[in-house]
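Here the structure is laid out as structure tokens; the discussion comes afterwards.
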Amino acid sequence: VVTIYPNKTVGVDAVITGKPADGFVVMGEEVKPREVTISGNPEVLEAMDSIQTEILDIEGATNNIVKEVRLQQQEDIRVSPGEASTVQILVRIEKIVDKQVSIEDVEFRNIAEGVEANLEEDESDISLTIRGPQSLVNAFGPEDLRLYVDLNESSRGGRTYPILVDKLPPGLEIVDIEPENLKVIFE
């Protein structure tokens, strides 16, 4: 008597532990193949949507890691004949870098009606330091964000307003703005 178990194709979940060295960040992971066909006890099979890999430790890594990892063994479940019992995991790791950017345009928002706002003469160039994974920082251009000052409560004369940031791409942060404030003259 030969028992034939049903098959099911499930996703592969990479089990990754540890974190990269200081100054580095995980940018993503890929598993190949992303799905495998398994067979076994129908009740256990029915409850499974994915199968996990054995643990991949990336503690202290400073470069991409590519490793062949076995699938975890499960009671009453086995990889179907012809399927590999290992998968390849790629963990993309990038250095975190800083970049200085000069921005000339600052937008005025919430100007009161009938009031004209201008920057004080010496307030033209703003220097930003952005931080993030190297590929994101390298792809960043000054047009990727907006600097603005919120001029609510504006009145004639001069006031100082903090520089605010809009539309900063995800994964990046601003660690320094010089100057932090702008003096605006109202007429």
Side-chain angles (χ1 to χ4, degrees), residues 10-32 34-35 49-50 52-53 55-66 89-187:
V10 295
V12 177
D13 288 339
V15 179
I16 298 171
T17 186
K19 51 185 207 263
D22 282 350
F24 291 82
V25 66
V26 173
M27 285 299 291
E29 60 191 54
E30 291 174 28
V31 179
K32 290 181 184 172
R34 295 206 325 241
E35 295 181 328
D49 291 327
S50 63
Q52 293 186 328
T53 65
I55 295 171
L56 173 58
D57 186 5
I58 63 166
E59 189 65 41
T62 57
N63 290 312
N64 290 350
I65 295 176
V66 179
I89 300 175
L90 161 64
V91 180
R92 283 192 302 284
I93 294 175
E94 285 189 29
K95 185 176 180 77
I96 294 174
V97 295
D98 289 357
K99 177 180 179 182
Q100 274 205 296
V101 183
S102 277
I103 297 192
E104 295 171 18
D105 295 336
V106 177
E107 196 178 301
F108 292 140
R109 295 188 183 170
N110 300 322
I111 301 175
E113 268 189 57
V115 175
E116 188 178 313
N118 294 299
L119 287 178
E120 206 172 57
E121 292 301 317
D122 60 345
E123 306 270 6
S124 58
D125 263 16
I126 297 163
S127 175
L128 294 178
T129 304
I130 59 167
R131 177 176 292 158
Q134 192 158 15
S135 63
L136 297 180
V137 169
N138 289 347
F140 176 83
E143 68 282 353
D144 292 336
L145 63 79
R146 298 270 171 270
L147 294 184
Y148 69 96
V149 288
D150 187 347
L151 301 179
N152 67 2
E153 301 174 23
S154 54
S155 57
R156 299 208 184 284
R159 276 189 70 189
T160 302
Y161 291 91
I163 298 173
L164 303 170
V165 179
D166 198 6
K167 299 185 178 166
L168 181 68
L172 295 177
E173 65 176 316
I174 294 177
V175 291
D176 188 38
I177 297 181
E178 194 59 48
E180 291 180 4
N181 301 299
L182 291 179
K183 183 148 190 193
V184 181
I185 309 295
F186 297 101
E187 295 168 10

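We're numbering straight along the sequence, starting at 1. None of the values given here were measured: they were computed from a predicted structure. Values below: every heavy atom of this structure, side chains too, minus hydrogens, waters and symmetry copies.
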Can you see which heavy atom on [X] is nearest to which on [Y], and at what distance?
{"X": "Val149", "Y": "Pro162", "answer": "CG1-O, 3.5 Å"}
{"X": "Ala139", "Y": "Asp144", "answer": "O-OD2, 3.7 Å"}
{"X": "Val25", "Y": "Pro133", "answer": "CG1-CG, 3.7 Å"}
{"X": "Asp57", "Y": "Gly18", "answer": "OD1-CA, 3.8 Å"}
{"X": "Thr62", "Y": "Ala21", "answer": "CG2-CB, 3.7 Å"}
{"X": "Pro142", "Y": "Val101", "answer": "CG-CG1, 3.6 Å"}

Rounded to the nearest 0.5 Å, what separates atom [atom1] in [X] from atom [atom2] in [Y]?
{"X": "Ile96", "Y": "Asp22", "atom1": "CD1", "atom2": "CG", "answer": "9.0 Å"}
{"X": "Glu173", "Y": "Leu136", "atom1": "CD", "atom2": "CG", "answer": "12.0 Å"}
{"X": "Tyr161", "Y": "Asn110", "atom1": "OH", "atom2": "CG", "answer": "10.0 Å"}
{"X": "Ile16", "Y": "Ile89", "atom1": "CD1", "atom2": "CD1", "answer": "5.5 Å"}
{"X": "Arg92", "Y": "Glu29", "atom1": "CZ", "atom2": "CD", "answer": "9.0 Å"}
{"X": "Ile93", "Y": "Ile58", "atom1": "CD1", "atom2": "CD1", "answer": "5.0 Å"}

Evaluate the side-chain proximity of [Y] to [X]: yes if any heavy-atom separation is below 4.5 Å, no if none is.
{"X": "Arg131", "Y": "Asp98", "result": "yes"}
{"X": "Phe108", "Y": "Leu119", "result": "yes"}
{"X": "Thr53", "Y": "Asp13", "result": "no"}
{"X": "Ile126", "Y": "Leu182", "result": "yes"}

Listed partners of Arg146 passing side chain to side chain donor-acceptor pair (under 3.5 Å), at least two apart:
none
Please lay out, stage by stage, how Leu145 and Leu128 fare under the test side-chain contact (heavy atoms from CB on, under 4.5 Å).
CA-CA 11 Å; Leu145 63 79; Leu128 294 178; 4.0 Å; yes
Crowded around [X] [atom1]? As in, over 12 foreign heavy atoms under 6.0 Å?
{"X": "Ile55", "atom1": "CD1", "answer": "no"}
{"X": "Asp166", "atom1": "CG", "answer": "yes"}
{"X": "Lys99", "atom1": "NZ", "answer": "yes"}
{"X": "Glu180", "atom1": "CD", "answer": "no"}

Using a strict 4.0 Å threshold on nitrogen-to-oxygen distance, state whether Arg109 and Glu107 make a salt bridge.
yes
Checking the side chain of [X] only, and the main-chain atoms of [Y] only, is there a donor and an acceptor separated by less than 3.5 Å?
{"X": "Gln100", "Y": "Thr129", "result": "no"}
{"X": "Glu94", "Y": "Gln134", "result": "yes"}
{"X": "Asn138", "Y": "Ser135", "result": "no"}

Can you tell me if Asn181 and Thr160 form a side-chain donor-acceptor pair at under 3.5 Å?
no
Side chain to side chain contact (heavy atoms under 4.5 Å, CB included) partner of Ile163, the single match among Ile177, Ile174, Ile103
Ile177
